[in-house]
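One structure below.
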Amino acid sequence: MSTRTELASLPSIEPLKQVVGSGNEQLAAALMQSITDDLIQLYGEDEIDEEEHEEYQSMVEEMIINTDSPSDEDGSWQMVIRRVVAQLNLDVEADFSFNHFGFKHYYCWHPYRKMLTDRLSEDALQLLRHLEEGRPLKGKRVHDDGSLFGWLEADEVKRLHHELDGLDEHAISVEELNEFHEQLIECLAEVAESDRALLLTAN
């Protein structure tokens, strides 16, 4: 799969959690208007892809309007999450060198965690798992449908950075993962220093 990982930081994940199952019709309407405007710009007013529009509508309703939040949160929610961040003006920062490399999610995270299984604590491995497999906002799991989202709170970012940065030079035994490792540590260091949460989206 060519799904690519993007990392962003924001002050807290809490505003995103509060949106899920909130029944906030005003926010949902604003999101759908934003989506409609983008689709018009992409296709033209008379050529909107109705199937794509309905797909977005379904995601917005499932994530926000439905007050009985599902235990499985679709990975494709990441498309709505990106828009919620913008709609709520959550002071997102995504200009990290990591994002310029276009790391393919499924080719990096699993082999990276597997490679470090015997070198990291269970806590650090679980934090990597949240980024590899996704982490729901309110439910029990993220359903991987070719897209994913995950997150770490500020203290978790600091803990993961501390362990990864403390690895010796022989820890990275797969040459292809050297750049990924270096860029991840650099990104985590920036986020940890600013005491912010980390948001991962993969699409």
Side-chain angles (χ1 to χ4, degrees), residues 4-35 38 56 59-60 62-67 69-70 73-103 105 109 123-142 147-166 180 182-203:
R4 298 192 176 193
T5 289
E6 181 172 297
L7 299 178
S9 74
L10 60 165
S12 172
I13 299 296
E14 195 58 33
L16 296 178
K17 292 182 180 180
Q18 291 175 2
V19 163
V20 178
S22 64
N24 188 333
E25 295 185 4
Q26 183 178 358
L27 175 60
L31 290 171
M32 283 309 304
Q33 185 60 58
S34 168
I35 289 165
D38 285 350
Y56 271 112
M59 281 190 287
V60 170
E62 184 181 51
M63 179 178 170
I64 299 173
I65 299 301
N66 180 13
T67 55
S69 304
E73 299 178 0
D74 287 342
S76 56
W77 281 15
Q78 60 88 21
M79 294 186 287
V80 179
I81 288 171
R82 291 169 185 258
R83 292 177 179 275
V84 170
V85 167
Q87 194 69 39
L88 298 182
N89 296 312
L90 293 183
D91 185 27
V92 66
E93 169 60 54
D95 188 23
F96 298 117
S97 178
F98 179 97
N99 293 333
H100 301 161
F101 283 79
F103 292 117
H105 189 90
W109 290 99
D123 176 56
L125 291 171
Q126 180 58 57
L127 296 178
L128 284 177
R129 199 173 290 116
H130 288 323
L131 300 176
E132 173 197 340
E133 299 175 356
R135 187 181 193 180
L137 293 168
K138 280 192 175 177
K140 293 183 178 179
R141 64 191 67 84
V142 173
S147 297
L148 279 175
F149 61 90
W151 50 274
L152 300 177
E153 292 288 10
D155 66 310
E156 295 175 326
V157 173
K158 292 174 183 176
R159 299 203 310 264
L160 181 58
H161 173 258
H162 177 75
E163 288 213 33
L164 293 180
D165 195 42
F180 178 81
E182 292 172 4
Q183 292 299 321
L184 178 59
I185 289 177
E186 180 180 312
C187 179
L188 291 173
E190 290 184 52
V191 180
E193 185 176 1
S194 59
D195 196 29
R196 288 161 65 93
L198 183 74
L199 175 67
L200 174 147
T201 54
N203 182 43

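Just so it is clear, the values below take in all heavy atoms, side chains as well, and ignore hydrogens, waters and symmetry mates.
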Kindly indicate whether the side chain of [X], heavy atoms from C-beta on, has any atom under 4.5 Å from the side chain of [Y].
X    : Y    : result
S97  : E186 : yes
L184 : F103 : no
E133 : V142 : no
L199 : V85  : yes
L88  : L27  : yes
I64  : L31  : yes
D74  : M63  : no

Legend entry - Criterion side-chain hydrogen bond (donor to acceptor under 3.5 Å, both in side chains) against T201, the qualifying member of E6, R82, H105, R4: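 Among the candidates, only R82 passes.
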
Inset, instruction - Could I get the full list of salt bridge (Lys or Arg N to Asp or Glu O under 4.0 Å) partners for E73, not counting sequence neighbours? - result: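 Listed in chain order: nothing, the list is empty.
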
Report the residues that fulfil side chain to side chain donor-acceptor pair (under 3.5 Å) with [X], sequence neighbours left out, ordered by chain and then residue number.
X    : result
N99  : none
Q33  : D37
W151 : none

Between [atom1] on residue [X] and [atom2] on residue [Y], distance to nearest 0.5 Å:
X    : Y    : atom1 : atom2 : answer
R159 : D123 : CZ    : CG    : 4.0 Å
L131 : Q126 : CG    : CD    : 10.0 Å
L137 : I13  : CG    : CD1   : 7.5 Å
H161 : E156 : NE2   : CD    : 15.5 Å

Non-hydrogen atoms of [X] and [Y] that approach each other most closely:
X    : Y   : result
F149 : G75 : CD2-O, 3.8 Å
I65  : A28 : CD1-CB, 3.6 Å
P15  : L90 : CB-CD2, 3.9 Å
M59  : W77 : SD-N, 4.1 Å
M79  : Y56 : SD-OH, 3.8 Å
L198 : L7  : CD1-CB, 4.1 Å

Legend entry - Sequence neighbours excluded, every pair satisfying side-chain hydrogen bond (donor to acceptor under 3.5 Å, both in side chains) that has a member inside residues 187-200: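 As it turns out, the side-chain hydrogen bond (donor to acceptor under 3.5 Å, both in side chains) pairs with a partner in residues 187-200, which skip direct neighbours, are S9-R196, D91-R196, K158-D195.
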
Inset, instruction - Scan residues 17-30 for pairs that pass side-chain hydrogen bond (donor to acceptor under 3.5 Å, both in side chains), counting only residues two or more places apart or in two chains. - result: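 Every pair satisfying side-chain hydrogen bond (donor to acceptor under 3.5 Å, both in side chains) with a residue in residues 17-30: there are none.
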
Legend entry - Centroid separation W109 to F180 less than 6.0 Å: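 Close enough - the centres of the two rings lie under 6.0 Å apart.
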
